[in-house]
Amino acid sequence: MPSPPPIWHSFEIQQLLRELTDNQGASLEQLLAGTTVTAQNLQNPAFRLTLDQELSLYTRIAHHNNNPTLGISHGQSLGLSRYGMLGQAMLGASTVIEALKLAVQFMPLISWSCKMTLSRETYQDQACYSLSIAPTPADQYAVEMETESTLASLHCVLNEIVMDRVFFQAVYFAHPNRADSDEVYQQVFQCPVIFAAGCNKVILSDQLMSRSLPYAKPEQAPLMRELCSNMVAPLRHDYNTVVTLREYLQQHLPRQPALEDAARHFNISSRTLRRRLTRLNTSYQSILDEVRFNTARRQLTQSQTSLDAISMALGYKDVRGFRIAFKRWTGVSPSAYRQQHQRP
């Protein structure tokens, strides 16, 4: 079975982009600036985002967003179909706790770096379950939006698999409430919602967790778990290849090693390396461009290094080649990008 890449389909990002361009007056060019994603990419139904591209876009969206409850409304639109094979496995689970254990185990099928943990906890003198999440982004605003989106999506999925309204005991957010009130949160979760709590988690009662699911298919459970495992294993393996390849290229940037050189470094054939990258809908040249762009972006925004020196450090023969490549990545020249993004 072909393995799914550890990347997001651009559909969800496009939902958020449309929200900001259609309802908040942001321009698409402004939102895409500084990323390696173009408007033409987003018009391609088969286009996929790498994890770095997704995080970069998500962060820009979070910073330009002026709707403090966008994460909640977006999460409510991400139902069971968003979870793919994992969603089918959860739907066929026997109980809610069995479904959530699947979500915890196979979280990479939903979000590559978001971690989910299920544990026991005492809430109001009652033994309960605590489902906590540690979101992907490093940026605070992106963290807040992803946290709210993930918990709202999880609530939506539980409603679908239970075929009834699910009530949490409590919802905790590590961040403060950016909205004028907690009305939207109360309408969605129908339980106490605590902000600035220092953690992101939901409290679930034993009664809910033991609840039987109407579409339970225990006879299919081993098969569904095996399918999810088969999808996660190569996903982890191939993504680790990208991570190590990115580090290798970063260390050898001025020399620009060929794909064959990188393959020898990893003791694999060039065909194997190319095949692994293809499974992730990426290529050697794309990763090299990504490393170059991220390095150039840091140099342009955090230093006064000349364009000539930056182009040499990236392995370009002259500054003209660097200018052409950078404008292809961002739509603006390196000098214009520096003026727009230079830190004080």
Side-chain angles (χ1 to χ4, degrees), residues 8-9 11-20 22-24 26 31 49 51 54-83 86-87 100 103-104 107-118 123 129-160 165-204 208:
W8 279 34
H9 194 290
F11 173 72
E12 293 174 23
I13 284 293
Q14 290 196 58
Q15 279 186 306
L16 292 169
L17 291 173
R18 280 195 297 271
E19 165 64 24
L20 267 66
D22 295 350
N23 301 325
Q24 298 188 25
L31 295 170
L49 295 164
L51 178 61
E54 186 272 324
L55 290 178
S56 179
L57 276 172
Y58 204 84
T59 299
R60 292 193 63 79
I61 290 168
H63 274 262
H64 286 82
N65 170 50
N66 57 33
N67 175 7
T69 59
L70 176 59
I72 291 291
S73 59
H74 179 63
Q76 287 183 289
S77 70
L78 305 178
L80 196 63
S81 60
R82 153 78 171 93
Y83 286 52
L86 174 58
L100 286 178
V104 170
M107 191 65 182
L109 296 180
I110 308 170
S111 175
W112 172 250
S113 298
C114 189
K115 306 299 182 184
M116 189 179 290
T117 306
L118 186 63
Y123 176 74
Y129 283 90
S130 171
L131 186 69
S132 61
I133 66 168
T136 307
D139 179 83
Q140 179 59 33
Y141 288 100
V143 164
E144 293 178 13
M145 193 165 74
E146 185 182 26
T147 300
E148 295 189 1
S149 175
T150 300
L151 293 186
S153 173
L154 179 65
H155 187 259
C156 179
V157 167
L158 288 179
N159 286 333
E160 289 187 72
R165 180 73 176 175
V166 167
F167 296 96
F168 296 151
Q169 298 296 100
V171 176
Y172 290 82
F173 291 115
H175 57 268
N177 185 2
R178 308 284 182 184
D180 294 333
S181 71
D182 64 354
E183 180 180 357
V184 170
Y185 301 91
Q186 292 293 340
Q187 289 176 350
V188 172
F189 297 115
Q190 296 286 308
C191 70
V193 180
I194 299 93
F195 290 92
C199 61
N200 301 300
K201 66 181 180 180
V202 294
I203 304 298
L204 308 109
L208 170 62

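Please read all numbers here as calculations on a predicted model, not as lab measurements.
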Query raised in the report: Can you name the nearest heavy-atom pair linking Cys156 to Gln76, along with the distance?
Result: SG-O, 3.6 Å

Report task. Mind listing the closest non-hydrogen atom pair of Val171 and Cys191 along with its distance? Result -> CG2-SG, 3.7 Å

Requested in this report: Determine the minimum heavy-atom distance between Leu151 and Phe189, stating which atoms define it.
Outcome: O-CE2, 3.9 Å

Report summary line: Here the gap from Ile72 atom CD1 to Gln187 atom CD, rounded to the nearest 0.5 Å, amounts to 11.0 Å

Report task. Using a 4.5 Å cut-off on heavy atoms from C-beta on, say whether the side chain of Leu16 contacts that of Asn65. Result -> no

Query raised in the report: How far does OG1 of Thr150 sit from CD1 of Ile133, to the nearest 0.5 angstrom?
Result: 4.5 Å

Query raised in the report: What heavy-atom pair brings Val166 and Leu158 nearest, and what distance separates the two atoms?
Result: CG2-O, 3.7 Å

Query raised in the report: Would you say Ser149's side chain and His74's backbone share a donor-acceptor pair under 3.5 angstrom?
Result: no

Requested in this report: Working to the nearest 0.5 Å, report the span between CZ of Phe173 and CD1 of Ile194.
Outcome: 10.0 Å

Query raised in the report: Will you find, in the side chains of Gln15 and Glu19, an N or O donor that is under 3.5 Å from an N or O acceptor?
Result: no

Query - Note, Arg178 side chain near Pro176 side chain (heavy atom, < 4.5 Å) - result: yes

Query - 4.5 Å side-chain heavy-atom contact, His155 and Arg165 - result: yes

Report summary line: Tightest non-hydrogen contact, residues Asn200 and Ala174, listed as OD1-N, 2.9 Å

**Report entry** Met145 side chain near Ile61 side chain, heavy-atom distance below 4.5 Å
**Finding:** yes

Report task. Give the minimum heavy-atom separation between Gln24 and Asn67, together with the two atoms involved. Result -> NE2-CB, 3.5 Å

Query raised in the report: Do His175 and Glu148 have side-chain N/O donor and acceptor atoms under 3.5 Å apart?
Result: yes

